[in-house]
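Report on the following structure.
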There are 2 protein chains.
Amino acid sequence: MKIGSADIASLLRREINNGALASKDRLPSERILAEKYSVARGTVREALNQLAKDGLVEVRAGSGTYVTPLGEELINPVIESATPLELIDTRFALEPHICRLAVLHARKSDFDAAENLLGRMENCTSDPGAFSALDTAFHTLLAHSTRNQLLQWIVSQINSVRNQEQWLLMRQVILDEATIRQYNSQHRNILDAIRSRDPERAANLMKNHLEAARLSLTRAAET
Amino acid sequence: MKIGSADIASLLRREINNGALASKDRLPSERILAEKYSVARGTVREALNQLAKDGLVEVRAGSGTYVTPLGEELINPVIESATPLELIDTRFALEPHICRLAVLHARKSDFDAAENLLGRMENCTSDPGAFSALDTAFHTLLAHSTRNQLLQWIVSQINSVRNQEQWLLMRQVILDEATIRQYNSQHRNILDAIRSRDPERAANLMKNHLEAARLSLTRAAET
DNA sequence: TGAAATTAATCCAATTATATACCAAAAATC
DNA sequence: GATTTTTGGTATATAATTGGATTAATTTCA
């Protein structure tokens with residue numbers, strides 16, 4: 001059998017996973033690796049590219065190839081390329097049920113924090129940028145209130161979409177003053193429903209809120 | 001007794017499952033495998049086609065045959081430490097709405113694939129391991145049917161939990177024959193509801209299904 | 001016996017690996 | 001600080017390898 005780039009990549013992947021190559025270590029140079037495995041340098045390069053695509057290593061021209069330090073994950077390409085409608089559909093799946101779970105698990109401190117956020121949002125009717133940041137914080141707080149770390153992580157991943165360029169532009173179009181007022185009122189109703197421990201009402205209000213967001217979006221897309 | 005393609009497929013399947021062949025690894029070439037097992041190349045080809053049909057390997061002309069990468073290389077620490085109840089709550093949030101979206105976007109090919117999976121699951125009432133793999137595939141297929149890449153990615157992340165040790169043990173406890181029969185029937189009802197384009201019925205059936213799963217889980221936790 | 005599977009031998013097209021040379025960025029050396 | 005060495009980045013023509021496909025002879029087993 002002929003050794004190929006996939007095989008080199010597989011070997012290195014194993015060495016990284018079992019700790020033989022630790023975090024931040026510099027790998028041997030491409031030329032050395034090529035000699036060690038008796039392959040051409042191009043083959044080693046291809047293998048390293050595959051590992052780099054998975055974020056396992058970082059290649060720095062003129063310096064070397066390094067094992068990616070733990071915790072520095074690359075931005076997920078799927079998240080990066082998510083469309084506005086995909087995002088809304090996903091929030092439609094998640095957030096109503098997050099409201100139900102928040103009814104079960106939210107604490108007084110969560111309500112205090114939510115009150116704070118709502119108050120500040122109501123002073124942002126003419127500042128789409130500030131409103132948007134607070135809006136993200138509000139929805140993140142709801143996820144936090146579920147005490148479900150998996151859900152919190154998913155919501156944080158989804159939120160990372162919103163900080164991208166296309167979204168920053170879009171919010172300027174969507175978030176006029178009337179819309180912000182509408183969202184503020186909806187946020188308050190949702191919080192009240194959760195506070196009065198009414199899961200289905202909270203979930204339905206969230207659905208209405210997201211429906212409004214979807215409407216704004218499709219209207220904006222038509223212009 | 002002559003060695004046939006089914007035997008080769010079975011051997012390779014085992015090597016993939018026990019990790020001797022890891023994700024993204026390249027299998028030896030068809031010619032080498034033929035020599036190793038003392039069979040003709042055509043037989044090896046037939047075996048690889050079976051594995052490919054099950055999605056275990058990817059065959060690339062001119063390049064080689066590769067173990068299908070499942071999930072991510074780097075297991076997210078949050079995902080890694082997710083508890084069974086967190087997972088069920090998260091699926092409770094996602095999957096009913098995934099059913100609604102599947103009603104809107106599923107194609108004939110999705111129904112065909114789902115039929116295939118259901119048929120195979122119904123032959124697994126006494127093999128929890130095989131059933132579990134097919135069950136994951138079924139829920140993944142539903143996510144795929146939404147044509148929403150963001151949702152598909154989230155589901156794939158969640159599924160990566162299920163391949164971890166604590167879960168492998170747990171499935172042996174939970175999945176007795178009666179439970180598998182119940183799940184099979186629920187899966188079929190869900191598929192029927194989606195096929196008849198009834199979003200709310202599909203979503204409610206999924207809720208019932210997950211409620212049953214949660215029950216199994218809490219019962220297992222008590223023992 | 002007869003259908004189905006396996007074998008063995010080709011040829012093809014796609015993909016990958018090799019070998020080499022040169023460039024540019026970073027690091028090491030003086 | 002200037003120079004040399006090392007490192008990855010790029011390009012390319014050639015050779016080797018791989019899966020795809022076809023065919024005919026053979027074996028297997030119901």
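A note on names: the letters A, B, ... follow the listed sequences, proteins ahead of strands, and every chain is numbered from 1. Computed over heavy atoms, backbone and side chain alike; hydrogens, waters and symmetry mates excluded. These numbers come from a predicted model, not from an experiment.
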Next on the checklist: Using the side-chain heavy atoms of A/Arg26, tell me which of these nucleotides is nearest: D/dT7, C/dT7, C/dA17.
Outcome noted: D/dT7
Checklist outcome for this item: Out of D/dG19, D/dT7, C/dT7, minimum distance to the side chain of A/Ser29 belongs to D/dT7
Item to check | Inter-end axis angle, the helix from C/dT1-D/dA30 to C/dC30-D/dG1, with every axis fitted to five base pairs (rounded, 10 degrees) | outcome: 60°
Checklist entry - Can a donor-acceptor pair be found between the side chains of B/Asn159 and B/Ser156 at a distance below 3.5 Å? => result no
Checklist outcome for this item: Rounded to whole Å, CD of A/Glu35 lies from C1' of D/dT6 at a distance of 15 Å
Next on the checklist: If you compare every side-chain N and O of B/Thr65 against the phosphate oxygens of D/dG19 (OP1, OP2), does one of them come in below 4.0 Å?
Outcome noted: yes
Item to check | Derivation and outcome, side chain to side chain contact (heavy atoms under 4.5 Å, CB included), residues A/Ile158 and B/Ile154 | outcome: CA-CA 10 Å; A/Ile158 288 177; B/Ile154 292 174; 4.0 Å; yes
Checklist entry - Given atom CD1 of A/Ile32 and atom P of D/dT6, what is their separation to the nearest angstrom? => result 10 Å
Item to check | Validation row: B/Arg13, B/Leu51 side chains within 4.5 angstrom (heavy atoms) | outcome: yes
Item to check | Summary of salt bridge (Lys or Arg N to Asp or Glu O under 4.0 Å) pairs that have at least one residue in residues 97-110 of chain B, sequence neighbours excluded | outcome: B/Arg100-B/Glu200, B/Lys108-B/Asp112, B/Asp110-B/Arg147
Item to check | Any B/Met206 side-chain heavy atom under 4.5 Å of B/Leu210 side chain | outcome: yes
Checklist outcome for this item: DNA chain C nearest-nucleotide lookup for A/Tyr66 and A/Ser5: closer to the 5′ end is A/Ser5
Checklist outcome for this item: Whole-Å distance, A/Asp7 CG to D/dT18 P, equals 10 Å
Item to check | side-chain contact (heavy atoms from CB on, under 4.5 Å) against A/Ser5, all qualifying residues, sequence neighbours excluded | outcome: A/Thr43, A/Glu46, A/Ala47, A/Gln50
Item to check | Residue whose nearest DNA chain C nucleotide is more 5′ - A/Ala6 or B/Thr43 | outcome: B/Thr43
Checklist entry - B/Tyr37 OH to C/dT7 P: how many Å, rounded? => result 14 Å
Next on the checklist: Can you measure A/Ile8 atom CD1 to C/dA17 atom P for me and round it to whole angstrom units?
Outcome noted: 9 Å
Polar atom pairs (N or O), protein with nucleotides 9-12 of chain D, under 3.5 Å:
residue : atom : partner : partner atom : Å
D/dG9   : OP2  : A/Arg45 : NH2          : 2.3
D/dG9   : O5'  : A/Arg45 : NH2          : 3.1
D/dG9   : N7   : A/Arg41 : NH2          : 2.8
D/dG9   : O6   : A/Arg41 : NH1          : 3.0

Checklist entry - Sequence neighbours excluded, which residues qualify as side-chain contact (heavy atoms from CB on, under 4.5 Å) partners of B/Arg188? => result B/Glu115, B/Leu118, B/Glu122, B/Asp192
Item to check | Closest nucleotide among C/dA19, C/dA8, C/dA27 to the A/Ala40 side chain | outcome: C/dA19
Next on the checklist: OP1 or OP2 of D/dG19 versus the side-chain N and O atoms of B/Ser63: is any pair under 4.0 Å?
Outcome noted: no
Item to check | Pair A/Ser10, B/Asp25: side-chain N/O donor-acceptor within cut-off below 3.5 Å | outcome: yes
Item to check | Pairs satisfying ring-ring contact (aromatic ring centres under 6.0 Å, His included), at least one member in residues 177-197 of chain B, at least two apart | outcome: B/Phe138-B/His187, B/His139-B/His187, B/Tyr183-B/His209, B/His187-B/His209
